[in-house]
Amino acid sequence: MRAKAIYLLKALARRVRWAPSDLLRLLRGDRTTPPRRLSFVGAGDFEQTGREFLGYFTELGGLRSGDRVLDMGCGIGRMALPLTAFLEGGSYAGFDVGREMIGWCRRNITPRHPEFEFTWAPVYNRKYNPFGGLSGSEFRFPYESSSFDFAFATSLFTHLLRDEVSHYLAETARVLRPGGRCLLTFFLLTPEAERQVATGEAMLRFSHPVEGGATIDPRQPEEAVAFRPDVVREMLSRAGLAIEEPIHPGLWANAPGGLTLQDIVVAGRPG
């Protein structure tokens, strides 16, 4: 009950906070920018973040314009929208636990881009969907095996616990075609990252243990979760996914040469 109450209060606060800008967007007839109250991007720039990651998908992940693409935790279309201009001959499927987000994408993206489909996943998550009736460790992706060339999860595994991540990775491997690749973001607790956390230099304080890593909030662990690199490697290997080295460090722990906030892992399903 506490998780549901917190979720509803935060949703109400977002609705009130962003009501003026969302109303102005509607008055302008803007149907391409999602309402700010539905966005969980935080302080990040919605459009800039999407363009940034499209670059990582192509340059690091090898995404091609004709690929069949899966977006795990698609949210309000932050990654889908830039892909509408990139995919030519390809197609896109995204799922998320946020029912309102999926509804907006279906109403505003799919009519203009029929090759983009969005599915609501009734999975329980204390932060994003406390009303869900299905455990993340039991959720079967609603797609046929070996049906995608490329899959990605941005800011998804940073909000799931170990058993859920392990299961999602196994499902990722199942729906990828042999030779398919995926790009995934994590918070990785490397020795240097742990030192940064201990000294207070890291952007996030992962100081409360969870299985395989740590969280910033013991009352709501899904707020942000970090895993040790050996745990992530083991989960990927067990799922049948092979990491394509190197792992690209994130800026959250001030890693030299960091590309973006979170750590990026590219992996593939052997052909």
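When reading the values below, keep in mind they use all heavy atoms of this one structure, side chains included, and skip hydrogens, waters and symmetry mates.
- Looking at Glu117 and Arg68, a side-chain N of the basic residue comes within less than 4.0 Å of a carboxylate O on the acidic one, giving a salt bridge.
- When atom types are taken as modelled, the side chain of Thr110 and the backbone of His113 share no donor-acceptor pair closer than 3.5 angstrom.
- Between Phe148 and Tyr143, the ring planes lie perpendicular to each other; the angle is over 60°, past the 30° to 60° tilted range.
- Side chains of Val265 and Ile243 form a contact here, defined as non-hydrogen atoms less than 4.5 Å apart.
- Residue Thr190 comes nearest to Pro229 through the heavy atom pair CG2-CG, 3.8 Å, listed as atom of the first residue, atom of the second, then distance.
- Here the closest heavy-atom approach between residue Gly258 and residue Leu251 is recorded as O-CD2, 3.5 Å.
- Between Tyr168 and Phe141, the ring planes are perpendicular. Angles over 60° get that label, and only those under 30° would be called parallel.
- With contacts defined as side-chain heavy-atom distances shorter than 4.5 Å, the pair Pro178/Ser146 qualifies.
- The list of side chain to side chain donor-acceptor pair (under 3.5 Å) pairs with a residue in residues 202-212, not counting sequence neighbours, is empty.
- Of all heavy-atom pairs spanning Gly77 and Pro82, the tightest one is O-CD, 4.5 Å.
- For Thr260 (side chain) and Gln262 (main-chain N/O), no donor-acceptor pair under 3.5 Å exists by modelled atom type.
- Of all the heavy atoms in Gly61 and Leu183, the pair that sits closest is N-CD1, 4.4 Å.
- Under a hydrophobic clustering in which Ile, Leu, Val, Met, Phe, Trp and Tyr are joined whenever their side-chain heavy atoms come within less than 4.5 Å, directly or via other members, Leu134 and Val175 fall into the same cluster.
- In this structure, CD1 on Ile247 lies 10.5 Å from CG on Leu184, to the nearest 0.5 angstrom.
- To the nearest 0.5 Å, atoms CD (Glu138) and CG (Asp163) are separated by 9.5 Å.
- Hydrophobic clustering, with ILVMFWY side chains joined whenever heavy atoms are under 4.5 angstrom apart, groups Phe116 together with Leu81.
- A donor-acceptor pair under 3.5 Å is absent between the side-chain atoms of Arg106 and the main chain of Ile102, judged by distance alone.
- With values rounded to the nearest 0.5 angstrom, Gln220 atom CD is found 10.5 Å from His159 atom NE2.
- Within 6.0 Å of CD on Glu192 lie more than 12 heavy atoms contributed by other residues, nucleotides or ligands.
- A salt bridge links Arg64 with Asp67: at least one charged nitrogen is closer than 4.0 Å to a carboxylate oxygen.
- Aromatic ring pairs are classed by plane angle as parallel below 30°, tilted from 30° to 60° and perpendicular above 60°; the pair Tyr92 and Phe118 is tilted.
- Listed by chain and residue number, nothing satisfies the side chain to side chain donor-acceptor pair (under 3.5 Å) test with Arg140 (two or more places apart in sequence, or in another chain).
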field: Evaluation steps, side chain to side chain contact (heavy atoms under 4.5 Å, CB included), between Phe157 and Leu169
entry: CA-CA 10 Å; Phe157 298 139; Leu169 290 175; 3.8 Å; yes
- request: Check the pair Trp252 / Phe206 against ring pair (Phe, Tyr, Trp, His ring centres under 6.0 Å), numbers first and verdict last.
  value: CA-CA 11 Å; Trp252 74 273; Phe206 291 105; 5.3 Å; yes
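- Aromatic ring centres of His167 and Phe139: separated by at least 6.0 Å.
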- request: Might you work through the side chain to side chain contact (heavy atoms under 4.5 Å, CB included) test for Leu160 and Asn125, ending with a clear yes or no?
  value: CA-CA 8 Å; Leu160 300 180; Asn125 183 283; 3.8 Å; yes
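- Between the side chain of Glu115 and the backbone N or O of Gly90 there is no donor-acceptor pair closer than 3.5 Å.
- Look at Arg233 and Glu245 and you find a salt bridge, because one of the NZ, NE, NH1 or NH2 atoms lies within 4.0 Å of a carboxylate O, short of that distance.
- One N or O on the side chain of Arg269 and one on the backbone of Leu176 form a donor-acceptor pair closer than 3.5 Å.
- Taking a 6.0 Å sphere around CZ of Arg174, one finds it holds more than 12 heavy atoms contributed by other residues, nucleotides or ligands.
- Heavy atoms only, all atoms of each residue included: Met72 and Leu156 are closest at O-CD2, 3.6 Å.
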field: Verdict with reasoning, Phe227 to Phe187, per side chain to side chain contact (heavy atoms under 4.5 Å, CB included)
entry: CA-CA 6 Å; Phe227 295 103; Phe187 290 122; over 6 Å; no
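- Taking CZ of Arg78 as the start and OG of Ser155 as the end, the distance is 5.0 Å to the nearest 0.5 Å.
- Atoms CZ and CD, on Phe53 and Gln48 in that order, are 9.5 Å from each other to the nearest 0.5 Å.
- Arg177 and Glu144 are not joined by a salt bridge, as no carboxylate oxygen comes within less than 4.0 angstrom of a charged side-chain nitrogen.
- Between the Trp104 side chain and the Ile76 main chain, no donor and acceptor come within less than 3.5 Å of each other.
- Between the side chain of Asn129 and the backbone N or O of Val123 there is at least one donor-acceptor pair closer than 3.5 Å.
- Judged purely by atom type and a 3.5 angstrom limit, Ser237 has no side-chain atom pairing as donor or acceptor with the backbone of Glu234.
- Atom SG in Cys182 sits 12.5 Å away from atom CG in Leu63 (nearest 0.5 Å).
- Qualifying ring-ring contact (aromatic ring centres under 6.0 Å, His included) partners for Phe57, counting only residues two or more places apart in sequence or in other chains: Phe150, Phe152.
- Not one N or O on the side chain of Asp149 forms a donor-acceptor pair closer than 3.5 Å with the backbone of Gly180.
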task: Apply side chain to side chain contact (heavy atoms under 4.5 Å, CB included) to Asp96 and Thr119, showing your working.
output: CA-CA 7 Å; Asp96 199 275; Thr119 301; over 6 Å; no
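- Placement of Leu54 and Leu261 in two distinct hydrophobic clusters is found when ILVMFWY residues are connected by side-chain heavy-atom separations under 4.5 Å, directly or transitively.
- The nearest pair of heavy atoms linking Pro249 to Pro256 is CG-O, 4.1 Å.
- Residues Asp263 and His248 are not in side-chain contact: their nearest non-hydrogen atoms beyond the backbone lie 4.5 Å or more apart.
- Arg228 places none of its side-chain heavy atoms less than 4.5 Å from the side chain of Val232.
- Here the side chain of Tyr56 pairs a donor or acceptor atom with the backbone of Leu259 at under 3.5 angstrom.
- Under the 4.5 Å side-chain heavy-atom criterion for grouping Ile, Leu, Val, Met, Phe, Trp and Tyr, Phe186 is not connected to Leu204 through any hydrophobic cluster.
- Both Val197 and Ile216 belong to a single network of hydrophobic side chains, linked directly or stepwise wherever heavy atoms of I, L, V, M, F, W or Y lie under 4.5 Å apart.
- With a 4.5 Å cut-off on side-chain heavy atoms, Met235 and Arg162 count as touching.
- Salt bridge annotation for Glu201-Arg195: present, with a cationic side-chain nitrogen under 4.0 angstrom from a carboxylate oxygen.
- The side-chain heavy atoms of Met79 and Thr154, taken from C-beta on, include a pair separated by under 4.5 Å.
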